[in-house]
Protein chains: 2
Amino acid sequence: MKTIVRIFKALSDQNRIRILKMLQSRPLCVCEITSILGLATSTVSKHLSILKTSGLISDRKDAKWVNYEIDLNSGDPEVDRVLRLMRGMLEKDEVIRTDRKKVTTVDRNRICSTESS
Amino acid sequence: MKTIVRIFKALSDQNRIRILKMLQSRPLCVCEITSILGLATSTVSKHLSILKTSGLISDRKDAKWVNYEIDLNSGDPEVDRVLRLMRGMLEKDEVIRTDRKKVTTVDRNRICSTESS
DNA sequence: TTTATATTTCGTTTAATAACGAAATGAGGA
DNA sequence: TCCTCATTTCGTTATTAAACGAAATATAAA
């Protein structure tokens with residue numbers, strides 16, 4: 001039960017839903033997500049840790065970046081069910097659509113470092 | 001998007017999940033739910049209003065009671081999807097199982113009024 | 001119309017959450 | 001080793017949420 005509540009809590013925030021929907025396109029690093037959401041890095045990092053604790057996503061080191069990705073084969077059938085649900089949701093939402101476009105054009109080598117947006 | 005966030009917020013509380021799972025058995029009035037959860041009436045009423053605002057449940061007056069029930073054919077496909085998801089979830093959870101048992105034996109004519117549990 | 005009772009609303013308190021900037025961590029490259 | 005830079009953690013602040021009891025509503029019965 002605690003697991004399920006944790007999953008729904010993870011999804012009960014607009015920014016975390018946006019992150020999850022972005023990750024459906026491809027794995028992203030913290031700074032890419034930060035530049036799309038327009039939040040502080042520390043805030044995004046916190047959102048990602050909440051999603052990770054819920055089991056919906058996982059992280060993987062890649063050179064100096066940490067890539068976050070949707071955790072398929074998490075082993076938890078409840079997580080899989082929710083991830084399938086999220087696949088079909090919000091596909092026509094305007095916020096999600098523009099986030100998706102940004103995901104295709106964002107370049108971590110430009111975006112990150114000292115520069116902004 | 002706001003609708004979806006509202007739905008997940010509604011489900012991000014253990015007591016509200018318990019209520020929703022109870023309502024899968026049959027419609028219940030506020031005092032029946034109150035006696036099973038062991039919370040104050042006003043608290044349960046608030047939980048029910050949150051679930052209702054999310055579109056997951058609806059209420060119907062019946063004599064001096066207000067029956068709450070799962071809102072099938074809500075018209076909203078996202079609500080239907082989530083309700084279907086919840087159907088298959090937590091079926092083996094201990095808390096949910098004991099709640100279900102209590103639902104079958106609870107009698108609003110005895111439970112309500114001045115008496116407790 | 002009065003009384004009883006089921007439910008909602010109000011006001012308050014306490015706990016949880018989201019946001020930020022600054023400082024700490026940790027891994028790669030010079 | 002030392003520096004750089006992406007990320008996390010820490011400390012703080014402001015907002016939201018959950019709980020309660022008391023008071024207000026509303027409906028049935030007397």
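Chain identifiers are assigned alphabetically (A, B, ...) following the order of the sequence lines, protein sequences preceding nucleic acid strands; residue numbering begins at 1 within each chain. Remember, it's a predicted structure, so these values are computed and weren't measured experimentally.
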Whole-Å distance separating the [atom1] atom of [X] from the [atom2] atom of [N]:
X       : N       : atom1 : atom2 : value
R108(B) : dT7(C)  : CZ    : C1'   : 13 Å
E32(B)  : dT7(C)  : CD    : P     : 8 Å
N67(B)  : dT7(C)  : CG    : P     : 8 Å
D13(B)  : dA16(C) : CG    : P     : 12 Å
Q14(B)  : dA16(C) : CD    : P     : 14 Å
I33(A)  : dA6(D)  : CD1   : C1'   : 13 Å
R6(B)   : dT16(D) : CZ    : C1'   : 15 Å
N109(A) : dC5(D)  : CG    : C1'   : 12 Å

(request) From the options dT7(C), dA19(C), dA18(D), select the nucleotide whose nearest atom is closest to the side chain of N15(A). (result) dA19(C)
Please confirm whether the backbone N or O of [Y] pairs with a side-chain atom of [X], one donor and one acceptor, at under 3.5 Å?
X       : Y       : value
Q24(B)  : R100(B) : no
T34(A)  : V30(A)  : yes
R81(B)  : G88(A)  : yes
R26(A)  : V103(A) : yes
R108(A) : W65(A)  : no

(request) Flag the pair K52(B) and D59(B) as a salt bridge only when some basic side-chain nitrogen lies within less than 4.0 angstrom of an acidic carboxylate oxygen. (result)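 Yes, K52(B) and D59(B) are salt-bridged.
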(message) For DNA chain C, which residues of residues 38-52 of chain B approach it to below 4.0 angstrom with any heavy atom?
(response)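 Those residues whose heavy atoms fall under 4.0 Å from DNA chain C, taken from residues 38-52 of chain B in numerical order, are T41(B), S42(B), S45(B).
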(message) Between L37(B) and M1(A), is there shared hydrophobic-cluster membership here, with clusters defined by ILVMFWY side-chain heavy atoms closer than 4.5 Å?
(response)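 Yes, same cluster.
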(request) Identify the two heavy atoms, one from M89(B) and one from K21(B), that lie closest to each other, and give their separation to 0.1 Å. (result)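 The answer is O-NZ, 2.5 Å.
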(request) Can you see which heavy atom on L28(B) is nearest to which on L23(B), and at what distance? (result) N-CD2, 3.7 Å
(request) Would you indicate, yes or no, if dT8(D) has its OP1 or OP2 atom less than 4.0 angstrom from a side-chain nitrogen or oxygen of Y68(A)? (result) yes
Each nucleotide N or O in nucleotides 23-30 of chain C that has a protein N or O under 3.5 Å away: list the pair and distance.
none

